[in-house]
Amino acid sequence: TEPTYFTDPEIQEMALHGTRLGQVVQIGSHVVDKYPILRYMPFITARLRRWHREELALFRSLVAGVKQKMVNNKNQAPDSID
């Protein structure tokens, strides 16, 4: 485990995504809630799709970082115990 701080970029980005999620999940917060047919109009949902891509990129980068640390730790482990 590593210490984390609220000023860390990843933490800041997670806070941003949490705020966005709080806005989106409120009933009636999006025009698609009132007019479901609009979900098929790309310009209506473009912002939500962009937010989704950004969130996926963040979490994929975090998972990739953990995988890389696991590989590094495996490579640093002793080969045999005497």
Side-chain angles (χ1 to χ4, degrees):
T1 60
E2 295 181 12
T4 56
Y5 304 97
F6 190 72
T7 55
D8 291 346
E10 293 90 1
I11 302 299
Q12 291 288 315
E13 202 170 341
M14 290 173 75
L16 172 66
H17 293 303
T19 300
R20 288 177 177 175
L21 179 65
Q23 294 170 0
V24 172
V25 297
Q26 293 179 10
I27 296 173
S29 66
H30 202 271
V31 69
V32 173
D33 294 335
K34 293 178 185 174
Y35 307 102
I37 192 72
L38 292 178
R39 83 175 75 179
Y40 302 106
M41 306 300 288
F43 60 91
I44 298 291
T45 57
R47 178 179 58 139
L48 296 175
R49 291 177 194 276
R50 187 183 78 240
W51 287 359
H52 179 66
R53 284 190 305 271
E54 291 173 6
E55 188 175 346
L56 281 177
L58 168 67
F59 289 111
R60 285 180 176 154
S61 72
L62 293 174
V63 169
V66 169
K67 285 182 180 180
Q68 186 60 46
K69 287 179 184 178
M70 290 173 64
V71 167
N72 291 343
N73 287 340
K74 184 178 180 182
N75 291 339
Q76 293 174 358
D79 291 332
S80 63
I81 299 175
D82 293 327

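Each residue takes its place number in the sequence, starting with 1.
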Checklist entry - Measuring from Glu55:CD to Phe59:CZ, what's the distance to the nearest 0.5 Å? => result 5.5 Å

Checklist entry - So, for Glu54 and Arg20, which heavy atoms are closest and what is the spacing to 0.1 Å? => result OE1-NH1, 2.6 Å

Checklist entry - Do Met41 and Val32 sit in the same hydrophobic cluster, where Ile, Leu, Val, Met, Phe, Trp and Tyr count as joined when their side-chain heavy atoms come under 4.5 Å apart? => result yes

Checklist entry - Does the side chain of Gln23 reach to within under 4.5 Å of the side chain of Trp51, using non-hydrogen atoms? => result yes

Next on the checklist: More than 12 heavy atoms of other residues, nucleotides or ligands under 6.0 Å from CG of Leu56: yes or no?
Outcome noted: yes

Next on the checklist: On a heavy-atom basis, which atom in Gly28 and which in Asp33 lie closest, and how many Å separate them?
Outcome noted: N-OD2, 2.9 Å

Checklist entry - Does Phe43 share a hydrophobic cluster with Leu38, counting links as ILVMFWY side-chain heavy atoms below 4.5 Å and allowing steps through other members? => result yes

Checklist entry - Just how far is it from atom CZ of Arg60 to atom NZ of Lys67, taken to the nearest 0.5 Å? => result 10.5 Å

Next on the checklist: Rounded at 0.5 Å granularity, tell me how far CE in Met70 sits from CG in Asn75.
Outcome noted: 12.0 Å

Next on the checklist: Determine whether a donor-acceptor pair (N or O, by modelled atom type, separation under 3.5 Å) exists between the side chain of Asp8 and the backbone of Tyr5.
Outcome noted: yes

Next on the checklist: If you count every heavy atom of other residues, nucleotides or ligands that lies below 6.0 Å from Arg50 atom CZ, does the total exceed 12?
Outcome noted: yes

Next on the checklist: Quick one, His30 and Ile44 - any side-chain contact, counting heavy atoms below 4.5 Å?
Outcome noted: yes

Item to check | Straight-line distance of Gln12 CD to Leu58 CG, nearest 0.5 Å | outcome: 12.0 Å

